[in-house]
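Contents: one structure, followed by commentary.
Here is how names work: the chains are called A, B, and so on, in the same order as the sequence lines, proteins then strands, and each is numbered from 1.
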Protein chains: 2
Amino acid sequence: MTTKGGGARSKRSKRNGASPQSVREPRGEPPLSLERIVAGAVELLDAEGLEGLSMRRLADRLGAGAMSLYWHVANKEQVFDLALDSVLEYRASPHVEPRDWRGDVVHMLEDWRASMLRHPWSASLLPRRALGPNILARLELLGKTLSSAGVAQADLNVAIWSLWNHVMGATVTRASFDLSKDDQAAAQQRLAGLSGRYPTIESSRLLLDDDWDGAFRKGLDFLLDGLCP
Amino acid sequence: MTTKGGGARSKRSKRNGASPQSVREPRGEPPLSLERIVAGAVELLDAEGLEGLSMRRLADRLGAGAMSLYWHVANKEQVFDLALDSVLEYRASPHVEPRDWRGDVVHMLEDWRASMLRHPWSASLLPRRALGPNILARLELLGKTLSSAGVAQADLNVAIWSLWNHVMGATVTRASFDLSKDDQAAAQQRLAGLSGRYPTIESSRLLLDDDWDGAFRKGLDFLLDGLCP
DNA sequence: AAATCGCATCGTACAGCGTACGAGTCAATC
DNA sequence: GATTGACTCGTACGCTGTACGATGCGATTT
């Protein structure tokens with residue numbers, strides 16, 4: 001084992017509901033916990049971005065000392081992994097009778113993409129080999145749906161993999177692309193600076209005002225057409 | 001302007017061929033240059049990974065002081081951006097007569113993916129808004145080929161975007177997935193630890209022995225079928 | 001020959017980082 | 001009362017990116 005695996009050496013606190021507050025936190029700060037750490041990390045990432053998250057700042061925000069975090073968490077990498085996975089939770093809409101499988105798949109994948117775009121830092125955390133339970137649950141659901149829709153076992157991996165690629169690529173590309181309106185002027189200027197070296201891109205206005213959502217949906221449809229004929 | 005833009009405040013050295021060596025480097029180290037910095041960065045990244053690149057270590061490798069780098073480069077971020085783009089250079093095979101456009105597209109995109117997989121750190125650098133000349137050149141080539149293949153102007157952006165997504169997703173996913181044979185045993189163990197909570201994934205052996213290349217190609221074909229009917 | 005100027009290099013210093021280590025505090029148990 | 005285990009945290013170490021200013025150099029101007 002290479003430092004990955006179960007969180008630090010803790011076993012989750014056992015003190016349920018008993019003491020109204022301990023003496024440790026004189027100003028009513030609740031005790032540290034994995035949940036609070038992850039939630040705080042997400043807040044901090046949302047507010048300050050990737051660079052804004054440091055163990056010291058996270059601990060400050062939680063009213064704790066920096067080293068206290070390390071009881072609940074092995075290292076900073078694990079905080080990132082947990083934050084990413086926590087943002088990818090998925091609650092399937094509870095449908096009694098099975099809707100059309102294709103609608104389910106599209107819904108889940110669009111929700112996936114939306115969840116990541118809601119937290120722009122998440123795209124930067126993707127290229128690490130961290131498969132948290134929520135990511136695995138989404139893949140499981142995807143596989144199950146496709147399988148019950150009649151995709152052959154032999155083609156299942158290709159299907160899952162291609163669809164996942166599409167979602168990942170769409171979020172990563174958009175993160176690297178989208179100028180989110182705050183510096184659209186800068187983009188204009190940048191393109192102008194290229195002045196004719198990339199005529200096709202310029203004339204297609206690829207970098208400027210794209211219908212990202214529509215393109216995502218369209219590519220998804222083509223993939224599904226091909227994968228599940 | 002927000003610290004992005006043209007490299008630092010240098011204008012590239014003017015001394016062409018004249019002096020055989022200056023007095024500054026008594027042991028024959030060639031002078032610093034953007035090219036040498038970028039090449040050194042790629043070497044260091046290949047050898048030590050993302051975390052292994054620091055300005056001090058890079059300067060050491062080049063036989064220079066750390067702060068000397070900052071004459072040629074604005075900051076560390078720019079080093080990353082330049083390293084990524086430098087790895088994505090593409091030389092189209094010189095074909096006199098136009099081959100089939102689809103073969104050209106597939107070749108270019110497979111080369112793109114291969115280039116990134118050859119430098120595993122590159123996937124982690126994707127989710128930043130850095131569109132270097134080589135990336136733009138690839139997009140330009142892609143757009144031009146599709147356009148000359150008859151893709152309507154209105155559909156061009158969707159096509160470029162979907163194909164790009166596919167490549168990005170494939171490299172990012174693989175980077176986060178592939179256990180590159182060094183710890184395949186760890187993967188077995190990891191999956192065993194999940195013990196039945198993700199039956200579809202387990203039975204499909206999705207995480208273990210996949211035909212990544214074939215899946216990439218298959219998804220690409222589906223996309224091209226749909227995009228360019 | 002002397003002064004000036006731009007390019008380029010680099011030593012020092014600072015604030016911040018992740019985290020190893022060990023001492024500390026508390027509640028529950030024996 | 002003593003012990004144990006869960007949990008917190010102060011200090012310290014080595015490392016980071018880079019701001020600042022001093023220095024050297026070749027070429028140009030005076």
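Atom CH2 of B:Trp71 and atom C1' of D:dA19 are 15 Å apart (whole Å). Rounded to whole Å, the distance from CD1 on B:Ile37 to C1' on C:dC10 is 13 Å. At whole-Å resolution of the value, CE in B:Met67 and P in D:dT16 are 14 Å apart. With rounding to whole Å, B:Leu58 atom CG is found 12 Å from D:dT16 atom P. In this structure, B:Leu44 atom CG and D:dT16 atom P are separated by 11 Å, rounded to whole Å. In this structure, the CG atom of B:Leu32 is 17 Å from the P atom of D:dC25, given to the nearest Å. A:Met55 has its CE atom 19 Å from the P atom of D:dT16, to the nearest Å. Rounded to whole angstrom, the span from the CD atom of A:Glu77 across to the P atom of C:dC17 amounts to 17 Å.
Five base pairs at each end of the helix from C:dA1-D:dT30 to C:dC30-D:dG1 define two local axes, and these are offset by 20° (rounded to 10°).
At C:dT9, one or more side-chain N or O atoms of B:His72 fall inside 4.0 Å of OP1 or OP2 (strictly under the cut-off). OP1 and OP2 of C:dA8 both lie 4.0 Å or more from every side-chain N or O belonging to B:Ser68.
Between the side chain of A:Ser204 and the backbone N or O of A:Ile201, at least one donor-acceptor pair lies under 3.5 Å. Looking at A:Asn75, its side chain does come within 3.5 Å of a backbone N or O of A:Gln78 through a donor-acceptor pair. Side-chain atoms of A:Asn165 never come within 3.5 Å of backbone atoms of B:His166 as a donor-acceptor pair (strictly under, hydrogens ignored). In this structure, the side chain of A:Glu140 engages the main chain of B:Thr200 through a donor-acceptor pair within 3.5 Å.
Taking for each of A:Ala66 and B:Lys76 the nucleotide of DNA chain D with the nearest heavy atom, the 5'-most of the two is the partner of A:Ala66.
Looking at residues two or more places apart in sequence or on another chain, you find a side chain to side chain contact (heavy atoms under 4.5 Å, CB included) between A:Met55 and A:Leu69, A:Tyr70, A:Val73, A:Lys76, A:Val79. Applying the side chain to side chain donor-acceptor pair (under 3.5 Å) test to B:Arg61 and every residue at least two apart in sequence or in another chain returns B:Glu43.
Counting only residues at least two apart or in different chains, side chain to side chain donor-acceptor pair (under 3.5 Å) contacts with residues 118-127 of chain B comprise B:Asp46-B:His119, B:Asp46-B:Trp121.
Within the 4.5 Å cutoff, the side chain of B:Arg174 has heavy atoms near those of the B:Asp213 side chain. For the pair B:Val42/B:Ser86, a side-chain contact is recorded, criterion being any heavy-atom separation below 4.5 Å from C-beta on.
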*Are A:Arg138 and A:Asp111 close enough, and set up right, to give a salt bridge (charged side-chain N to carboxylate O under 4.0 Å, His left out), and what steps lead you there?*
CA-CA 11 Å; A:Arg138 279 185 124 111; A:Asp111 174 90; 2.2 Å; yes
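The aromatic rings of B:Tyr90 and B:His107 are tilted relative to each other, their planes meeting at an angle between 30° and 60°.
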Pairs: protein N or O with nucleotides 12-14 of chain D N or O, under 3.5 Å:
none

Do any N or O atoms of the protein come closer than 3.5 Å to N or O atoms of nucleotides 3-5 of chain D, and which pairs are they?
none

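Partner of B:Asp85 under the side chain to side chain contact (heavy atoms under 4.5 Å, CB included) criterion, out of B:Asn134, B:Leu136, B:Leu131: B:Asn134 alone.
Among the protein residues, A:Ala64 comes within range of the sugar-phosphate backbone only, with heavy atoms under 4.0 Å from sugar or phosphate atoms but none that close to a base.
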